[in-house]
Every structure is written in C-alpha cells, then in structure tokens.
Amino acid sequence: MLISWNVTKRCNLYCAHCYRDSGPHASVERQLTTGEGLRLIDEIAEAGFKMIIFSGGEPLLREDLPELVAHAKTRGMRAAMGSNGTLLTAEKARELKVAGLAGAAISLDSASPEHHDRFRGDSGSWEKAVDGIRHALDADLKVQINMTITEHNAGDFAAMTDLAVELGVQALHPFFLVPTGRGKSIEEDALKKGRYYQTLRQILSRQKNSPIEIKPTCAPQFMPLSRDMELNLRFSRGCLAGVSYCCVLPDGEVNICPYLPVSAGNVRERPFHEIWRESNLFQDLRDYTKYEGTCGACGDVGICGGCRARSYYYSGGNLLAEEPWCYKRENKDEERICQ
C-alpha cells in the first residue's frame, strides 16, 4: 500500500493543470506542523502502509522535509518525493538521500522545453527540472519522470521515452489529465474516448521494447489491455483509490486520491489508521459490487476499477459511477476505434 501526503500547498511554479491549485502565494496557515506530521507518519505506519510519497505543492519548500523523511524510514516505510525538480540542488539531493529518501518522481511533460515551460508557467523550468533529475541520480536516488499527457503533447511520448532512457532514469509514468483543481479549466485538452485508447495502446506497445518501466497513470484500463497484449507487468490493479492508496492534504484532510476531492475525514480530528480502516467511503470503494454501470458489470473490475476521479467529475459527483471513457461501454463505434 502507498500513500501521498501533500505536505504543503505552496509551490514555486503555477502550473496550468495543478490538482491542488498550488502556487507561490498559496496559504500555509493551516498546513500540518512538524509535530503533527510526525504523528501522522506514525499513524500511517500503524495502518500498514509500506510507501509514503511526500508531495505538494512543492515539498522542497518545507524546511522539515529531511526530518519527515527520516522519521518515515525509522517506521519501516519507503519514502519518495513528488517534485517539479526545479529546486532540487545537488546538496539537497544528497541531504535527502542521507535522511532516507529512496527516490524522486520529477515532473517533465515534454522533450520540448517550450511546451514544458509553457505548461508549467515558467521559462527555464524544463532545464531546471532536467538538472534536478541529474542531481537526484548523482545522489543515488531512483528517479521516475511524471509526464502529464494531454492533446497537446501526446504525440511527444516517443521522444520523451527516448529522453528518459538517455537521462538514465528508472521509470516514466505518463499521467492522463483528470479535470480537477485548475485542470478543470483545461478539460478540453484531456484525452477522450478513441484518442484515449489509441494513446494508451501506443504507450503499452512502447513498454514491450523499453529498458525502463512505463506505467500509465489515471488510465486504469492499462491493466486489462496489458493482459490482452501479453505484457508481464508488476502491477495488480489500475485504480488504487481507496483500495490500497489515498492521500492526505496539507491541512490533514484525507482524500480518496489527489484527483478526487472527497474527504473521508481529517487526521486532526481522528487518527489516520481509523479513517483508513473504517471510513464508509473507503469501504464502498473496496466493495466492487457497489460500482455502477459498465464498471459494476465488468469482469475486469478487480484489476481495473475505472478511474474513480474521472467517474466522479463526469458524473457530477458520483465516485462509484462508470468510467466515462471505457471501451466496454455500449457505444460500439468507440470500441472499434480503440481496437
């Protein structure tokens, strides 16, 4: 099981799609203190989680990040960081490695600096992110590149794979845009229906001959598709939301996933391990018989699950609704496009 903790809402960038609506002027008034964070880590460990991802906002803006990472390690968890990479100096990478950080997921959306800088709202951010990747690798951290896929850069995926291999990272995870946070303002850029599946199949085809791990994210249909394509991947399920994954917001709210803004409770009011085990929201997500539409009737619900965040957005607030872009829906024309 793994968990993301958005340790702050502050960020040095102002990205077009940010699910947390983070930025340089975001308030930190209500974010968990160091003491509250250390207690949260204890409760996460008690719940049985094996991996914690310190994310944001930009986690490098928290001065106590090394202390939080070190505490997670003492509790037997593997600690990783999700970052835009622009603030990751060689010194900071070494400090975090010593503290116990195992790896870093760094956002890089294109092999083209122009596209990345425009998407991230900062000229020069591509070069800084690549420097951050190199610093992390030099510090012996495992590095994963997170690439947000939209209509504007889906055709750049092959070049991004080549760049990832050239840089020497261990993994490339393309994230399919989900309309949440500021991402709702660019919903029209999200891949849909036939285009969604064509891109997903292209990504999985590239995995067949790639020396690095390529895992589609927020596209849970990759699991049944990878089975059909006879790909032997290490993953067991597409959408993990509420089943073996959740996130904690800067103010202690526990959400089903970073892209699904529904709270199961707050760690300032109730211990995390109780929320994780007893929340009705999580219980519903673990009971596949409650899933609706084609997801509820699908034999692959156990390995796919449909994107709960996308289902929530396009249904108007039903997190158990059917996946809107699933190729098993009634529209057979779309199914033929996908094949």
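Excluded from the calculations below are hydrogen atoms, water molecules and symmetry mates; all remaining heavy atoms, backbone and side chain alike, are included. In this chain, numbering begins with 1 at the start of the sequence shown.
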Can a donor-acceptor pair be found between the side chains of [X] and [Y] at a distance below 3.5 Å?
{"X": "E292", "Y": "N318", "answer": "yes"}
{"X": "E43", "Y": "H273", "answer": "no"}
{"X": "N12", "Y": "N84", "answer": "yes"}
{"X": "T34", "Y": "D64", "answer": "yes"}

Quick one: do [X] and [Y] make a salt bridge, cutoff under 4.0 Å?
{"X": "R308", "Y": "E323", "answer": "no"}
{"X": "R75", "Y": "E46", "answer": "no"}
{"X": "K192", "Y": "E187", "answer": "yes"}
{"X": "R227", "Y": "D300", "answer": "yes"}
{"X": "R201", "Y": "D228", "answer": "no"}

Q: Identify, with sequence neighbours excluded, every residue that meets side-chain hydrogen bond (donor to acceptor under 3.5 Å, both in side chains) alongside H152.
A: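 Only D189 meet the side-chain hydrogen bond (donor to acceptor under 3.5 Å, both in side chains) criterion with H152.
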**Q.** Pairwise distance CG(L101) to CG(D140) - rounded to 0.5 angstrom
**A.**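 The distance works out to 11.5 Å.
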Q: Measure the CD1-CD1 distance between I212 and I214 for me, rounded to the nearest 0.5 Å.
A: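 It is 5.0 Å, given to the nearest 0.5 Å.
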Q) Are H135 and E91 close enough, and set up right, to give a side-chain hydrogen bond (donor to acceptor under 3.5 Å, both in side chains), and what steps lead you there? A) CA-CA 8 Å; H135 293 323; E91 180 182 6; over 6 Å; no
To check you understand the geometry: which heavy-atom pair defines the closest contact between [X] and [Y], and what is its length?
{"X": "V7", "Y": "R62", "result": "O-NH1, 3.0 Å"}
{"X": "A219", "Y": "P216", "result": "CB-CB, 4.2 Å"}
{"X": "P179", "Y": "Y313", "result": "O-CD1, 3.2 Å"}
{"X": "W126", "Y": "A111", "result": "CZ2-O, 3.9 Å"}

Q) Hey, does the Lys NZ or Arg CZ of K215 hover above the aromatic six-ring of F235, less than 6.0 Å from the centre and inside 45° of the axis? A) yes
Q: Report the residues that fulfil ring pair (Phe, Tyr, Trp, His ring centres under 6.0 Å) with Y314, sequence neighbours left out, ordered by chain and then residue number.
A: W325
Q: If the plane angle is over 60° it's perpendicular, under 30° parallel, otherwise tilted; pick one for Y291 and Y288.
A: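 Ring orientation, 0 to 90° scale: perpendicular.
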(Q) Could you check whether any side-chain heavy atom of M160 comes within less than 4.5 Å of a side-chain heavy atom of L108, counting everything from C-beta outward? (A)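 Yes; the side chains approach each other to less than 4.5 Å.
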Q. So, does N153 use its side chain to make a donor-acceptor pair with the main chain of T148 at under 3.5 Å?
A. yes
